[in-house]
Amino acid sequence: YATQQGLFKKFGLDVNPVHIEGGSMLTQALVGGSIDIAQNGYTPVASAAIQGADIVFIGGISNKLPYQLVVKTAIRNAQQLKGAKIAISRYGSSTDTAADFALRHLGLRRNEVSVLQLGGAATRMAAAISGQIDGTMEQQPDTAELARHGYHVLVDVTDIAGDYPNTSYATTRAFLKKNPETVKRYFMAMATAIHEYKRNPDLAIKLTAKFLDVKDEANARAAYQAYVNVYPPNLQVSLKGIELVLKEIGIKEPKAAAFKPEQLVDMSVLDGLEREGFFKKLWASR
């Protein structure tokens with residue numbers, strides 16, 4: 001929405017969005033300097049920080065984990081899911097974490113299914129539609145589209161994961177120190193985009209359909225309804241959510257126990273915008 005409506009240019013930025021499949025790969029690109037700011041999963045960012053990477057949370061846009069375990073219609077319960085092939089993007093990604101939540105909810109151990117890393121949503125969708133897999137971890141509008149191809153939602157992780165967050169903004173501490181004004185303008189554009197996205201549903205749904213190449217308006221509308229109440233107005237990081245992320249990571253990585261959420265976060269830019277009254281003024285115009 002921000003890109004298509006020219007909001008970055010409004011705040012003096014020339015932003016080039018780059019799609020990188022899977023949170024683990026995106027984290028590597030950020031740490032390696034290929035990109036400046038990542039809209040990335042909380043889990044891969046926290047995992048990298050724990051391992052000593054120069055990476056820090058600077059904001060959040062989805063402080064829930066809005067994934068669904070979508071499976072073939074014939075699979076109706078946990079017993080029937082045993083031995084099934086379940087697709088995620090990459091190990092260590094948000095889809096991987098969502099799969100863990102879904103399986104635990106069903107009372108299944110991870111080794112009772114086959115979790116396959118297949119890459120981005122388009123690849124997973126194609127594998128599902130062609131019958132190569134039995135289920136996949138998806139978000140709207142892909143969940144709605146798969147429902148048209150003989151699939152249904154077995155577990156909605158959005159509800160069962162509680163405050164476990166999904167999508168953050170991250171950068172390197174080096175980039176933030178050198179470019180605080182750029183980060184500030186970026187967040188001003190994104191907050192404005194969220195404001196307008198919520199205020200203009202018809203336009204938002206139209207642009208969502210165009211961006212995601214969704215042909216069915218009902219699917220685009222499902223995506224809008226799923227996210228309109230998830231996006232936070234002031235882009236704040238969820239410290240409570242990061243605490244949950246650290247506990248989840250700690251199951252496999254003991255190092256996580258030594259970290260507190262505050263150690264992984266730098267809210268200086270957003271706190272500055274709050275003090276200046278930017279968010280208050282923005283939402284007063286709604």
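Please read all numbers here as calculations on a predicted model, not as lab measurements. We number each residue from 1, following the sequence as shown.
- Under the 3.5 Å distance criterion, with hydrogens and angles disregarded, no donor-acceptor pair is assigned to the side chains of Gln140 and Gln68.
- Taking the centre of each ring, Tyr169 and Tyr186 come in below the 6.0 Å mark.
- In this structure, Ile133 belongs to a hydrophobic cluster whose other members, linked by side-chain heavy atoms under 4.5 Å apart, are Leu116, Leu118.
- Partners of Arg76 by side-chain hydrogen bond (donor to acceptor under 3.5 Å, both in side chains), not counting sequence neighbours: none found.
- Among residues at least two apart or in separate chains, salt bridge (Lys or Arg N to Asp or Glu O under 4.0 Å) pairs with a member in residues 47-67 are Lys64-Asp163.
- Evaluation of the side chain to side chain contact (heavy atoms under 4.5 Å, CB included) rule for Ala126 yields no partner, not counting sequence neighbours.
- Every side chain to side chain contact (heavy atoms under 4.5 Å, CB included) that Ala78 has, sequence neighbours left out, goes to Leu106, Leu108.
- Ionic pairing of Asp134 and Lys85 is not present here: no N-O contact between side-chain nitrogen and carboxylate oxygen is shorter than 4.0 angstrom.
- Other residues sharing the hydrophobic cluster of Tyr151, ordered by chain and number and joined by side-chain separations under 4.5 Å: Val70, Met125, Ile129, Leu146.
- A search for ring-ring contact (aromatic ring centres under 6.0 Å, His included) contacts involving Tyr67 returns nothing, not counting sequence neighbours.
- Residues Phe101 and Val153 do not share a hydrophobic cluster, defined by chaining ILVMFWY side chains whose heavy atoms lie under 4.5 Å apart.
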Contacts under 3.5 angstrom, residues 11-21 side chains, donor-acceptor by atom type, not counting sequence neighbours:
from	atom 1	to	atom 2	distance (Å)
Glu21	OE1	Gly120	N	2.9

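- In this pair, Tyr1 and Tyr197 present their aromatic rings perpendicular. The plane angle is above 60°, beyond the 30 to 60° band.
- Counted within 6.0 Å of CE on Met267, heavy atoms from surrounding residues, nucleotides or ligands total more than 12; the atom is thus considered enclosed.
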Show the atom names and distances, to 0.1 Å, of all donor-acceptor pairs under 3.5 Å that link a side chain in residues 172-180 to residues at least two apart or in another chain.
from	atom 1	to	atom 2	distance (Å)
Thr172	OG1	Phe175	N	3.0
Arg173	NH2	Gln263	O	2.8
Asn179	ND2	Phe175	O	3.1

**Request:** Would you check, one step at a time, whether the test side-chain contact (heavy atoms from CB on, under 4.5 Å) holds for Ile86 with Thr136?
**Result:** CA-CA 5 Å; Ile86 306 299; Thr136 178; 5.8 Å; no
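- Under the 4.5 angstrom side-chain criterion for Ile, Leu, Val, Met, Phe, Trp and Tyr, the cluster partners of Val214 are Phe211, Leu212.
- Other residues, nucleotides and ligands place no more than 12 heavy atoms under 6.0 Å from the CD atom of Glu217.
- Within 6.0 Å of CD on Gln51 lie more than 12 heavy atoms contributed by other residues, nucleotides or ligands.
- A salt bridge is defined here as a Lys NZ or Arg NE, NH1 or NH2 lying under 4.0 Å from an Asp or Glu carboxylate O, and Asp96 with Arg110 meets this definition.
- Contacts of Thr27 classified as side-chain hydrogen bond (donor to acceptor under 3.5 Å, both in side chains), with partners at least two apart in sequence or in another chain: Asn40.
- For the 3.5 Å distance criterion, the side chains of Ser24 and Ser93 fail to qualify, holding no donor opposite an acceptor.
- Between Lys215 and Glu145 there is no salt bridge, since no side-chain N of the basic residue sits under 4.0 Å from a carboxylate O of the acidic one.
- Considering only residues two or more places apart in sequence or on other chains, Arg109 meets the side chain to side chain contact (heavy atoms under 4.5 Å, CB included) condition with Asn111, Glu112.
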